[in-house]
Amino acid sequence: MIDTDTHLIEPADLWTERLPKAWGDDVLHVRWDDKSQQDLWFFGDQPLKSAWQWANWGWTGKGEIHDGSGPTRLSEAHPATYDPKARVAFMDEQGFEMQVLYPNLAGFDWKPFVHHPNPEVAIAHLRAYNDFQLEWVEQFPGRFIPMMVVPYWDVKQTVAEIERLADAGFGGIVTTGAPHEHGQAPLGSRKWDPMWKACEEAGLSVSFHTASGDFRQLMERHEDDDVSGGALVVRDGPHIYLANANHVCDLLMSGIMHRFPTLQFASVESGIGWAPFVLEALDKRFEKNGVAKSHHDAFGDMLPSDYFKRQMSVNFWFEELDQFHIDKLGLRGILFETDFPHPTGYHRPTLDENIELVMGSISEEIRRQILWENPARLYAKALAKQGVNPEYPVPA
């Protein structure tokens with residue numbers, strides 16, 4: 001199977017070893033923070049986030065209680081979260097053929113890069129991360145699909161990065177579904193068309209990973225809010241997942257898919273339960289408002305749901321899949337993920353148990369399409385680069 005959303009925990013020397021020493025503390029670096037009693041990532045003197053908090057797999061710091069905390073030092077994190085050899089050993093033990101890799105910092109939290117006072121420094125960090133990913137993946141050909149991070153706010157530089165790495169083996173780019181939340185033009189702006197064009201020409205998909213907007217707004221705390229700890233983590237999850245429903249609405253009504261008919265998009269780590277409602281809401285109002293006539297140049301003769309079924313993928317990990325989802329969304333765009341090693345991922349100890357939890361009533365034929373055929377088609381160029389046969393593996 002191909003796990004379509006996992007995360008690579010960035011090592012502390014990722015940027016300090018790859019960017020000019022003359023930049024000093026302007027390079028992302030890790031250091032111990034006495035106030036929070038953990039290692040933090042810093043941009044200059046500005047703390048950004050915990051360095052190892054999301055390396056949650058195998059961490060037993062608080063037993064069965066999860067309150068949003070995680071490892072405070074690298075020594076507390078499972079090696080499979082950051083070391084490629086240990087990751088492959090974990091994959092072999094669990095039964096993964098391949099994993100798609102998403103970031104934890106660069107491309108997952110956009111704000112520090114979009115608003116960095118030195119654009120050269122910000123863009124260099126993203127390029128260095130892409131190069132690091134390729135080095136990581138090349139150690140074990142055929143096991144990982146890297147995802148390219150881009151300085152989306154600078155369209156010219158983004159196109160240059162896509163062209164630089166178009167044939168390097170990436171599965172697609174990671175960008176935001178809510179650029180307006182970072183002070184940029186909204187998703188529907190023609191400003192972004194050169195980026196979409198570059199991706200389409202390169203045969204690369206576009207991923208909107210959950211939390212790609214300004215998720216800090218969703219997590220702001222009111223002084224009178226008494227919800228805390230694990231209960232707060234539970235409440236915040238759907239807030240962040242459902243933000244992607246808004247991004248998909250914006251995408252489907254933007255005309256982008258009509259202008260770039262072969263470009264594939266994915267809504268990542270946001271589930272699938274919201275999608276049937278969104279598609280029905282859009283289609284019904286689309287027809288009621290006569291949009292096919294008033295905006296024929298933007299949509300042609302297709303409904304929003306038609307574009308979704310042609311060009312959109314969504315992945316899930318805890319919801320029980322049934323025929324209703326398949327009928328409403330179409331089968332070709334449904335993907336499975338684990339979100340390894342993040343805490344929202346594994347709900348059972350093993351991969352097989354997690355698959356059975358969500359696909360227990362689904363036939364082997366449909367499972368095969370979701371677990372292998374759909375992602376193999378979406379990331380066909382990356383598989384070809386690594387010499388992976390896109391046909392469903394037959395056990396020896």
Side-chain angles (χ1 to χ4, degrees), residues 1-10 49-71 76-78 80-82 87 90-91 94 96 99-105 107-109 147 174 177 207-213 215-219 227-248 266-275 313-321 325 334-359 370-371 375:
M1 65 87 68
I2 300 176
D3 186 343
T4 57
D5 175 34
T6 72
H7 294 267
L8 169 54
I9 304 297
E10 298 92 344
K49 64 192 301 183
S50 171
W52 321 117
Q53 176 183 353
W54 300 109
N56 228 266
W57 170 262
W59 184 68
T60 57
K62 293 196 175 182
E64 296 180 359
I65 296 175
H66 178 65
D67 59 2
S69 58
E76 300 172 15
H78 194 290
T81 65
Y82 59 85
R87 176 70 73 94
F90 165 79
M91 291 166 63
Q94 292 274 324
F96 296 94
Q99 289 186 337
V100 180
L101 299 175
Y102 283 91
N104 288 277
L105 186 56
F108 187 73
D109 185 357
M147 297 297 291
V174 185
S207 282
F208 300 147
H209 194 286
T210 191
S212 72
F215 62 90
R216 292 172 178 82
Q217 295 178 2
L218 299 173
M219 301 176 71
V227 181
S228 63
L232 185 61
V233 173
V234 171
R235 186 186 74 181
D236 283 345
H239 290 179
I240 297 173
Y241 307 151
L242 289 173
N244 265 37
N246 294 328
H247 307 340
V248 172
S267 176
V268 182
E269 198 186 318
S270 53
I272 59 174
W274 52 267
S313 294
V314 287
N315 53 18
F316 72 110
W317 66 103
F318 62 85
E319 300 160 275
E320 184 176 348
L321 183 72
H325 299 108
I334 298 177
L335 308 172
F336 176 77
E337 64 157 289
T338 67
D339 194 38
F340 180 88
H342 286 182
T344 189
Y346 268 62
H347 287 253
R348 295 292 186 271
T350 69
L351 174 61
D352 286 344
E353 288 175 293
N354 279 275
I355 291 174
E356 194 62 28
L357 178 69
V358 299
M359 286 189 264
I370 292 171
L371 296 175

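The structure displayed is predicted, hence computed values, not measured ones.
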Side chain to side chain, Tyr102 and His342, heavy atoms closer than 4.5 Å: no

Q. Judged by atom type as modelled, is there a donor-acceptor pair below 3.5 Å linking the side chain of Glu10 to the main-chain atoms of Asn104?
A. yes

Task: Phe316 side chain near His325 side chain, heavy-atom distance below 4.5 Å - done: no

Using atom types as modelled and distance alone, determine if a side-chain donor or acceptor of Glu319 lies under 3.5 Å from a backbone N or O of Gly271. no

query = Quick one: are Thr344 and Tyr241 in side-chain contact, heavy atoms under 4.5 Å?
reply = yes

inquiry  = Please verify the inter-ring angle class for His347 with Phe318; under 30° counts as parallel, over 60° as perpendicular, anything in between as tilted.
reply    = tilted

Does the Thr210 side chain pair with the main chain of Ile240, one donor and one acceptor, at a distance under 3.5 Å? yes

ask   = Do Leu101 and Met147 have side chains that get closer than 4.5 Å, going by heavy atoms?
value = no

Which is it for Tyr346 and Asn56 under the side-chain contact (heavy atoms from CB on, under 4.5 Å) test, yes or no, and what are the steps along the way? CA-CA 10 Å; Tyr346 268 62; Asn56 228 266; over 6 Å; no

Residue pairs passing the salt bridge (charged side-chain N to carboxylate O under 4.0 Å, His left out) test with at least one member in residues 342-358, sequence neighbours excluded, are Glu356-Arg367

Would you mind reporting whether Val268 and Thr4 have side-chain heavy atoms less than 4.5 Å apart? no

Heavy-atom closest pair (Ala245 atom, Trp274 atom, distance to 0.1 Å) is CB-CE3, 3.6 Å

Those residues at least two apart in sequence (or on a different chain) that pass side chain to side chain donor-acceptor pair (under 3.5 Å) with Tyr82 are none

**Request:** Side-chain contact test, heavy atoms from C-beta onward, threshold under 4.5 Å: evaluate it for Asp3 versus Glu337 and give yes or no.
**Result:** yes

| said: Can you confirm whether the side chains of Asp339 and His7 place a donor and an acceptor under 3.5 Å from each other? | reply: yes

Is there a side-chain contact (heavy atoms from CB on, under 4.5 Å) between Ser69 and Trp59 once you walk through the steps?
CA-CA 10 Å; Ser69 58; Trp59 184 68; 3.7 Å; yes

Discussion item. For the aromatic rings, using the six-membered ring if either is Trp, is the centroid distance between Phe340 and Phe90 under 6.0 Å?
Written reply: yes

What's the verdict on side-chain contact (heavy atoms from CB on, under 4.5 Å) for Val358 and Leu321, showing C-alpha distance, side-chain angles and the deciding distance? CA-CA 6 Å; Val358 299; Leu321 183 72; 5.5 Å; no

Quiz item: Is there a side-chain contact between Thr338 and Asp5, using heavy atoms and a 4.5 Å cut-off?
Solution: no

